[in-house]
Structures are given as structure tokens and as C-alpha cells.
2 protein chains.
Amino acid sequence: MSGYDIKKIVDVGLSHFWNENYGQIYPTLDRLVRDGLASKKPDRNSGKRQRFVYTITSAGKKSLNDWVKAATDAPVVRNEVLLKFFLCSHASTGKCIRLIESHQMEQRAILSEYQASEAILKNAMQGGDMGEDLQAILTITGSTPKQRAKQLRAFYLTLRHGIRAIEGRLAWCEEALASLECSDTTAAE
Amino acid sequence: MSGYDIKKIVDVGLSHFWNENYGQIYPTLDRLVRDGLASKKPDRNSGKRQRFVYTITSAGKKSLNDWVKAATDAPVVRNEVLLKFFLCSHASTGKCIRLIESHQMEQRAILSEYQASEAILKNAMQGGDMGEDLQAILTITGSTPKQRAKQLRAFYLTLRHGIRAIEGRLAWCEEALASLECSDTTAAE
DNA sequence: TCAGACATGTAAGTCGTTACATGATTCA
DNA sequence: TGAATCATGTAACGACTTACATGTCTGA
């Protein structure tokens, strides 16, 4: 596919666990071609602006396979909300509570969005109508019905991961608020 | 406290949600001093190598407070395991299953560690004995018993956040494995 | 005709990690 | 005496973001 296609798929379908920008994508695709892991072909489709379609080579497939099999190094966790919470805790309990409540509201909003996407995906998996965005990215990738079914499940399961993560955060908010509220709340500002 | 102290607290107490390295810490402390948000004082304690103790200024407190109150921008999520999973899904179901099982084992191992820390913290919060590491970092910071209790709770609650996150991931592993195993597993390699 | 999607790319700058360099003290 | 801990810092590199630059086609 093209660099533009990659960006679109990531933005529309994988945004809950990945992101990319053109400043990374195009130089990386160039590098892959230089290293013989992908090939670049011009593809002038129906009078549109010239685009370049990249195809994985057999060396690229091997490399991809090696990467998948290799151990995944532990992600660098940096949770700014928790850092704020930690740095607040020595001071005012009230500040901590407000911090968590605000975080809770944000997480609830994101959960709603994810649940809406989940409903669309569930429907699509049962052969129902899918939204325009989903339709568009499925058109870019898999062609056979079986491949499409696999892709839909992959989108669905990664989304479920995002939902589980948010549910965990919301459960923590409840727990933390309960713990903070049963301590002295007299500390001012 | 000193740059070294900061590193120690982050490594020992906040490693489940934050990390810092000296390459960031020392230049940042310098910048804070230049900006008038902290002051630097030499502190030669008991013949040890010269160390520098940094103290927050009133301008620094204001700045810190502003930062805490400001909206926290959504963290950039990049989950390599999910990316591998997604890129595998179009190919072999077996590969996906192995990927998740390996992830599951790692998460279980981390959960055990966190639960061990949780037990120590719970014990310490009830006035019991705390480990050497915890003792050491509590010595660096809070002095009054009330402040220590607050700090212990902060360590405990942020750890609970980490535990909730891992539990969520493990629940997802179960769910994903169930979904993958009930599909055709005949796909080779 | 004008906004918005399609499409590719570069440049500058920030952020973060790793490795290096240095040197004192303590304890086995 | 030699490893571990205490302690501070720099340099080089790599990853990532943001803003910019350019231009086409489509549909309201």
C-alpha cells in the first residue's frame, strides 16, 4: 500500500494503541526499499496524483517474521496523571480527589467512544453494515471474505484491549477515591 | 533532594509508571535553577563526595501547581504487542496464539512482583516492617509520621493502578485466546 | 470557486536513551 | 584490593513531532 494508506489505517483503526506521522512513514519506507525489504512502484490510478505503492519483498517477510517472533521489550511506561497524583499526595487530599475525578470523566468519555466503535465492529462481524471509515480501510487491505473476517476480528480484539484498559483505570479511580475520601478532608486548598 | 535521590525514588518506587535517567535529570535541574524554579546548594555530608541538594522555590511551587492543574494531554499509546498481534492476524492464527500466550506469561510474572510489593506496602501502612528500599526512600522524603502515612498511601495507590492495568491485560489475553481458539486452528506454521 | 480529501515529502527542533568519563567512600 | 554504592555530569545518537512546502482532484 502507500504511505498515505498506512497513515489512514493507523489513524482510523489502530489509534487506540498506535500512531504514526508522515515524518516517520516516508523516510522509513525509503529505508525499507534501500534495505531490500520492500519495493516501490509508481501507481497512477484514474488520473489522480501520482502515488507510490510499496510491496513487501520475501526478505521483508522474513524480517517481519523475525521481529514478531523476537521478544518484545517492556514498554516504557510514563503516566502523567499518576505522576501528578503522586506529587500531589504529600500536599492536599482535595487536589488529589479533583485530579482523579477529572481523569475519571475523561476516561468515561473515551469509553463511550470505544463502545460505539465496538458496536459497529460487532455488527460488521455478523455481516451487517459497517461505517464508511471501516469500509474504506478494509478496501485497502484484505480482499477475500475470509481475510476480511480475520481483519475485522483483529480490529475488534485490539479494541477490546483498549476497553479493558479503560475499565481498569475506571475501577482504579473508584478505589482511589474511596481511599482518599475516608481520610481527613479538612486540609484546605 | 539531589539528582541521585530523584533517580532512586523513581527507580524504586515509581518504576511501574515512570522512569528517568541522569541524562535528563541533571540538565533539567540546571534548567530549573536557571529559570528560578529551584535553588542548588552544595551539601557535603559526612566526608562523602560533594553532592548538590535542590530545593523548590516559591516560583517553582507555583509552576508545579499550575502544571498539576493544567489538563493532562492524552498519553501517546504505542503497544508493540498489539501491533505484532494485529500484523499477525491476517496470517496465521497459531502465531497469534503463541504471541498472546507469551505475553500472558510475562504479565503474570510482573503481577507476582507487584503483588509482593503490595504486601510489603500494606504491612508498612499498618505500622509493620518495611523493606530496606522502601525505608531508604521514605528517609529521603517526608519526615512527620502523618506525611509518611500519606506517602505510603501514594505508593500503594499508584501500585494498585499498575495491578489493575495488568489484571486488565490478563483478562484480555483470556478473551482473545478464547476467540482465536474457537476458529480454525488448521493453519500451518 | 473553494474546502477538503488525496498524496508525498523535507527541515528543524525536541525528547529521550546510552555510553562514556570521573572520582570518592565503604565493606567484605 | 576490588566490587558496590554514592554522586555528578557530558556527548552522541536515535526517535519522534511539528511545521512547512507543494500540488491534484472532487464535489458542494
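In the text below, chain A, chain B and the rest are named by the order of the sequence lines, each starting its count at 1. The shown structure was predicted, so the numbers you read here are calculated from the model rather than taken from an experiment.
- Listed in residue order, the members of residues 131-139 of chain A having a heavy atom less than 4.0 Å from DNA chain D come to none.
- With salt bridges taken as basic N to acidic carboxylate O contacts below 4.0 Å, none links A:R34 and A:D30.
- One atom, CG of A:D30, and another, P of C:dG9, lie 6 Å apart when rounded to the nearest Å.
- A straight line from CG of A:D43 to P of D:dT24 spans 18 Å, rounded to a whole angstrom.
- Spacing between atom OH of B:Y26 and atom P of D:dA7 amounts to 9 Å, rounded to whole angstrom units.
- Partners of A:K84 by salt bridge (charged side-chain N to carboxylate O under 4.0 Å, His left out), not counting sequence neighbours: none found.
- To the nearest 0.5 Å, atom CD of residue A:E118 and atom CG of residue A:L111 are 9.0 Å apart.
- Distance B:L29 CG to D:dT10 P: 12 Å, rounded to the nearest Å.
- For the pair B:Y156 and B:I120, the minimum side-chain heavy-atom distance is 4.5 Å or more.
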### Test salt bridge (charged side-chain N to carboxylate O under 4.0 Å, His left out) applied to B:R108 and B:E174, step by step
CA-CA 12 Å; B:R108 281 180 182 153; B:E174 300 287 350; 3.7 Å; yes
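- Separating the CG atom in B:L159 from the CD atom in B:Q115 is a distance of 9.5 Å, to the nearest 0.5 Å.
- To the nearest 0.5 Å, atom CG of residue A:L99 and atom CG of residue A:L82 are 9.0 Å apart.
- DNA chain C lies under 4.0 Å from no heavy atom of any residue of residues 4-17 of chain B.
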Exercise. Check the pair B:S2, B:D5 against side-chain hydrogen bond (donor to acceptor under 3.5 Å, both in side chains), reporting the backbone distance first and the verdict last.
Key: CA-CA 5 Å; B:S2 70; B:D5 289 338; 3.2 Å; yes
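- Pairs passing the side-chain hydrogen bond (donor to acceptor under 3.5 Å, both in side chains) check and including a residue from residues 16-29 of chain B, sequence neighbours excluded, read A:R78-B:E20, B:W18-B:E20.
- In terms of heavy-atom proximity, A:P27 sits nearest to A:G23 at CG-O, 3.2 Å.
- In this structure, the OH atom of A:Y54 is 13 Å from the P atom of C:dA7, given to the nearest Å.
- Residue A:F52 contributes atom CZ, which lies 15 Å from atom P of D:dG23 at whole-angstrom precision.
- For B:K40, a side-chain nitrogen or oxygen approaches OP1 or OP2 of D:dG9 to under 4.0 Å.
- Here the rule is side-chain hydrogen bond (donor to acceptor under 3.5 Å, both in side chains) with A:R169, and of A:Q107, A:H103, A:E106, A:Q104 only A:Q107 fits it.
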Nucleotide by nucleotide, nucleotides 11-20 of chain D touches protein heavy atoms under 4.0 Å in the pattern (B base, S sugar-phosphate only, - none) -----BBB--
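- When the local axes at the two ends of the helix from C:dT1-D:dA28 to C:dA28-D:dT1 are compared, using 5 base pairs at each end, they differ in direction by 30° after rounding to 10°.
- The OG atom of A:S112 sits 10.0 Å away from the CD1 atom of A:I110 when rounded to the nearest 0.5 Å.
- When the side chains of ILVMFWY residues are joined at heavy-atom separations under 4.5 Å, either directly or via intervening members, A:F85 and A:M105 end up in two distinct hydrophobic clusters.
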